[in-house]
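Take a look at the structure below.
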Amino acid sequence: MRCLTGRPASPGRARGYSLTLRPTESVASRPAGDPAGEGLRLEEAISTAQTELATLAQRLEERGSRDEAEIFRVHAQLLGDAELVKEIRELIASGRPAEAAIHQALEEMARAMESLEEEVFRQRGADFRDLAQRLTAILAGRTATTELTGPTIIFARELTPSQTAELDPRFCRGLVTYAGGSNSHASIVARALGIPAVCGVDPGQFPPDGTPVVIDGSDGRVSLEPENRLWVEVGAGEGEGGYGSGDREPAHTVTGERVRVFANVAGPAEVAGAVEAGAEGIGLFRTEFLFMGRGDWPSEEEQYQAYRRAAEALGGRPLIIRTLDAGGDKTLPYLGVADQANPFLGWRAIRISLDRPQQLITQFRAILRASHHGDLRVMLPMVTTVDEVESARRLWDEVRAALAGEGVETGPIPFGIMIEVPAAALIADHLASRVDFFSFGTNDLTQYALAADRMSPLVADVYQPYHPAVWRLMKMACDAARQTGIEVGICGELGSDPRAIPLLVALGIDEISCRASALGAVKRAIRAVDSAIAAARLERALNASTAAELMALLD
Ligand code: PEP
Ligand code: MG
């Protein structure tokens, strides 16, 4: 047995056989073989890609994702274009390796499309690039869609959130990556899907494909070729679940304060499970997964159906829908922006929505229409300025009025913002008077307060949610909220850590939204809080000089 250690990213233990997803071979790095051989490789890659695309489209269709399925059908059609294939062949005949020929021909097509006036053609550019990536991935020896056929532990240098979401949940038992902190979106998706994950593992240590592996996402250990005893033990535990008594009951502290416990979800399919696990509502409905892995913006109707399904699954419990939080590590190909040097500091979240008002209006319309089916609230991500709140609120009011004009009346729906940028915490008094609630996004608040990229393993030790600076910022915002009389929640990962609960309760947080698997532990932690003791501890925590000093105050 060999043991690799990384950082816990999604809890739970699982076993399976390893499969390493390798980045596609660099186009420039491979010398050309003889043109006939390269032509044969091209032939085979196209045929494999056609099979993959058909399977992918069919699978998506079976899941009811018809629009996404269409994207892959279009890709298959493009691959069947005789002119395009001829062009690639000519490049191969002139001495290029298949990868470079594919890259050049498809990149030229992409650029040609992007230079056209009409939006529909411009988007086709992204399709050509996607295809080029698929073909070069196949040539590099792996299938781009990563068809899994048995219990698998995926090893990868890095996984995008959509790659994570796309892995077949029947067979993907665990994820081991190098990049991506435990607060990266890929880790959050893994937790939402209940897939154990470990990050920060040196890719040089990844095992050969097919190695038996036991992953422990709670302590960050990855055992290669484990002893039989461990293999059997983990196998016996798989699929076990069950909730403890009291997980579905409301939580009060020892001293009688009521704290509502909600769950974070990434789509309507997760809502029923969260309620089953004891969620009293959804404190963060991440909408970006509706926008990812596709070639165009989702329509109002599509969004409305998703929000409505979530609302209906909640049976009247609150549902906080966050508007699109694109950018950062969640890029949308159809936004048409080149890579940003600092994506988390760039065009992201509410900044994108306000620059694409028509899309924000569409999202607002869908939310407002769905509000007839439940207790909906709306929340803006990454707010930094008063202007952003006022502009968004103005649009919101206009959309409400327009819908009323169409005969769709909507009641007053709470309008809130995330506090995840230090500037927002520092001007919380000005923001509080303009909104109905705050919710702390501590994943981002930590990275922005400490200037530590939440995705980078190199600064994982600088990224400290228990740094006193993060808690002082939260204290400022809580004080402003209390003075203004608005509610405060938390939906960052800190809310899923039972150790943080006494301090969060002492801050006066009304609602803690955690991942579904943490609901029981969070409620148990609330029930153990004595408010006088917690208040004294908070005071000392706010005066701590380091994260270590603050953490020493936690039980
Ligand atoms: C956060 O930043 O804490 C948060 C909840 O938002 P996300 O993780 O989606 O950026
Ligand atoms: Mg955030």
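Both counts, for ligands and for their atoms, begin at 1 and track the order of listing. Not measured: the values here are computed from a predicted model.
Residue contact check: C491 has heavy atoms under 4.0 Å from atoms 5 (C) of ligand 1. With ligand atoms numbered from 1 in the order given, ligand 1 contributes 9 (O), 10 (O) to contacts under 4.0 Å with heavy atoms of D325. Heavy-atom contacts of M418 reach the following atoms of ligand 1: 4 (C), 5 (C), 6 (O) (cutoff under 4.0 Å). The atoms of ligand 1 that sit less than 4.0 Å from any heavy atom of L284 are 5 (C). For ligand 1 and R348, the ligand atoms under 4.0 Å from any heavy atom of the residue are 10 (O). Shown in contact with K330 at under 4.0 Å from a heavy atom are these atoms of ligand 1, numbered in order with element: 9 (O).
The salt bridge (charged side-chain N to carboxylate O under 4.0 Å, His left out) test applied to R308 returns E312, not counting sequence neighbours.
Looking at D444 and the Mg ion (ligand 2) together, the shortest N, O or S contact belongs to OD2. Looking only at N/O/S atoms, E420 comes nearest to the Mg ion (ligand 2) through OE1.
Within a 6.0 Å sphere centred on CG of D339, heavy atoms belonging to other residues, nucleotides or ligands number 12 at most. In this structure, R393 places its CZ atom where more than 12 heavy-atom neighbours from other residues, nucleotides or ligands lie under 6.0 Å away.
In terms of heavy-atom proximity, C491 sits nearest to L284 at CB-CB, 3.8 Å.
The residue among L445, D444, L494, D329 with a heavy atom at the shortest distance from atom 10 (O) of ligand 1 is D444. Among E288, R322, R454, the residue whose heavy atom sits closest to atom 8 (O) of ligand 1 is R454.
Neither the backbone nor the side chain of M379 has any atom closer than 4.0 Å to an atom of ligand 1 (non-hydrogen atoms only). Proximity of M382 to ligand 1, defined as any heavy-atom pair under 4.0 Å, is not found for any part of the residue. Neither the backbone nor the side chain of Q447 has a heavy atom within less than 4.0 Å of ligand 1. At a heavy-atom distance under 4.0 Å, no atom of N264 approaches ligand 1.
Considering only heavy atoms from C-beta on, M382 stays 4.5 Å or farther from I417 through its side chain.
The pair K523-E249 does not meet the salt-bridge criterion, since no charged nitrogen lies less than 4.0 angstrom from a carboxylate oxygen. Using a cutoff of 4.0 Å between basic side-chain nitrogens and carboxylate oxygens, E270 and R286 are not scored as salt-bridged. For the pair D355 and R351, the salt-bridge criterion is not met [side-chain N within less than 4.0 Å of a carboxylate O]. Under the 4.0 Å criterion applied to side-chain N and carboxylate O atoms, R540 and E549 are not assigned as salt-bridge partners. Taking the charged nitrogens against the carboxylate oxygens, R260 and E280 have no contact shorter than 4.0 Å, which rules out a salt bridge.
When only interatomic distances are considered, the shortest N/O to N/O separation between E493 and ligand 1 does not fall below 3.5 Å.
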